[in-house]
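Below is one structure, written out as structure tokens; the observations come after it.
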Amino acid sequence: MSALLQSLDRMGTTPALVSYAGDGRTELSGRVLANWIIKSINFFANELLVDEGFALVLDLPPHFKRSVLQIAAWHLGATVSIAGVDDLPEHIDVLATSHPDTALAERAEDVLVLEARALSLAFPGEIPPLALDWVQAVRAAGDDLEVRLGAFTGPSPTPRPEWGSARRVGLDDIDLQEAAEALAAWEEGRTVVAPYAKLDPATRAAEGLESSSEA
């Protein structure tokens with residue numbers, strides 16, 4: 001098990017991620033976040049039979065589900081791109097999208113459909129032939145790590161000196177520019193609250209964020 005997954009598991013029921021998105025506030029404990037990642041690793045390896053270094057494209061808005069998919073893929077040595085942000089590879093092994101009817105899906109070997117909503121247990125729209133409903137499929141994956149991990153292809157964890165002893169830190173794009181900081185925060189047992197810049201002062205105060213967390 002990776003250092004990140006071990007750290008999340010040690011956090012137990014302590015919140016690892018408090019995410020604010022279009023569907024409101026979602027809180028994931030360290031153990032729950034680790035479970036989502038492990039299930040996704042098992043799903044990629046056992047169901048999609050991906051090779052190390054596979055290309056994953058995330059055509060999804062910011063959401064903890066997007067972050068989970070990215071972190072899981074990094075554990076298998078994948079190259080991960082976010083549509084609308086990164087230059088996309090010519091060949092796409094796996095596409096995770098909430099819009100399976102776009103031309104991007106035609107370029108992918110495997111298409112995963114999901115809705116970026118915490119309580120969505122099934123994709124609400126029509127699922128194209130051969131595409132998979134990711135939430136339903138990943139829920140059936142094993143809770144214990146079943147595969148050998150590849151070389152981690154995510155950024156090196158990079159904590160911020162200004163965090164000091166704060167147990168909660170505010171970050172913005174935890175799977176973009178600030179992914180390295182998010183990984184570091186979790187390895188240090190801290191709670192990440194995101195996206196910090198979009199939270200009003202009252203919400204920041206309610207979440208226990210200190211001014212030193214500011215980007």
Side-chain angles (χ1 to χ4, degrees), residues 1-41 58 60-75 80 82 84-85 96 98 114-121 134-135 138-139 143 152 154-215:
M1 190 177 290
S2 70
L4 172 65
L5 292 173
Q6 290 176 352
S7 297
L8 289 172
D9 187 65
R10 283 196 298 269
M11 291 182 73
T13 58
T14 300
L17 176 63
V18 177
S19 174
Y20 284 84
D23 56 340
R25 182 186 186 276
T26 302
E27 182 175 298
L28 300 179
S29 70
R31 192 161 294 151
V32 168
L33 181 56
N35 183 250
W36 272 95
I37 295 169
I38 289 171
K39 279 179 170 289
S40 298
I41 292 171
L58 301 172
L60 299 164
H63 196 270
F64 83 83
K65 291 178 180 177
R66 188 175 84 173
S67 304
V68 163
L69 283 162
Q70 182 176 51
I71 295 169
W74 281 339
H75 277 85
V80 183
I82 297 178
V85 177
S98 54
L114 63 145
E115 185 180 27
R117 293 182 61 84
L119 299 180
S120 178
L121 300 181
W134 176 73
V135 170
V138 80
R139 284 164 63 88
D143 293 321
F152 188 76
S156 297
T158 307
R160 291 183 178 176
E162 64 266 27
W163 286 345
S165 60
R167 304 315 304 162
R168 288 188 165 223
V169 298
L171 295 175
D172 292 323
D173 298 317
I174 63 171
D175 43 11
L176 291 172
Q177 294 92 338
E178 294 181 329
E181 288 91 337
L183 297 176
W186 290 324
E187 288 196 4
E188 295 174 347
R190 305 177 195 260
T191 300
V192 173
V193 182
Y196 181 82
K198 295 184 179 179
L199 303 181
D200 59 47
T203 302
R204 294 177 187 177
E207 293 293 353
L209 295 175
E210 300 178 1
S211 59
S212 60
S213 301
E214 241 180 287

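The structure displayed is predicted, hence computed values, not measured ones.
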With a 4.5 Å limit on heavy-atom distance, are the side chains of [X] and [Y] in contact?
X    : Y    : answer
Y196 : D172 : yes
R160 : L171 : yes
E27  : E207 : no
D173 : V85  : no
L58  : D175 : no

Going from [atom1] on [X] to [atom2] on [Y], what distance comes out if it is rounded to the nearest 0.5 angstrom?
X    : Y    : atom1 : atom2 : result
S67  : L17  : OG    : CG    : 7.0 Å
L33  : L5   : CG    : CG    : 8.5 Å
L28  : F64  : CG    : CZ    : 5.0 Å
E188 : R167 : CD    : CZ    : 8.0 Å
L69  : I37  : CG    : CD1   : 10.0 Å
S98  : W134 : OG    : CH2   : 13.0 Å

Could you tell me whether the side chain of [X] and the main chain of [Y] form a donor-acceptor pair under 3.5 Å?
X    : Y    : result
R168 : G208 : no
T158 : S156 : yes
W186 : A16  : yes

Between [X] and [Y], what is the shortest heavy-atom contact and its length?
X    : Y    : result
L60  : A96  : CG-O, 3.7 Å
A185 : V169 : CB-CG2, 4.1 Å
R31  : D9   : NH2-O, 3.6 Å
A34  : L8   : CB-CB, 3.8 Å
V138 : K39  : O-CD, 3.6 Å
N35  : D143 : ND2-OD1, 3.1 Å

I would like to know whether K65 and T26 meet side chain to side chain contact (heavy atoms under 4.5 Å, CB included); could you show each step before the answer?
-> CA-CA 11 Å; K65 291 178 180 177; T26 302; over 6 Å; no

Please determine if E181 and R190 form a salt bridge, counting it only when a charged side-chain N lies under 4.0 Å from a carboxylate O.
-> no

For V135 and E115, what are the C-alpha separation, side-chain angles and deciding distance, and is it a side chain to side chain contact (heavy atoms under 4.5 Å, CB included)?
-> CA-CA 9 Å; V135 170; E115 185 180 27; over 6 Å; no

Going through the checks in order, is the side chain to side chain contact (heavy atoms under 4.5 Å, CB included) test met by L183 and W74?
-> CA-CA 12 Å; L183 297 176; W74 281 339; 4.3 Å; yes

R25 atom CZ, neighbour heavy-atom count above 12 within 6.0 Å | yes

Side chain to side chain contact (heavy atoms under 4.5 Å, CB included) assessment of R66 paired with L176 | CA-CA 11 Å; R66 188 175 84 173; L176 291 172; 4.0 Å; yes

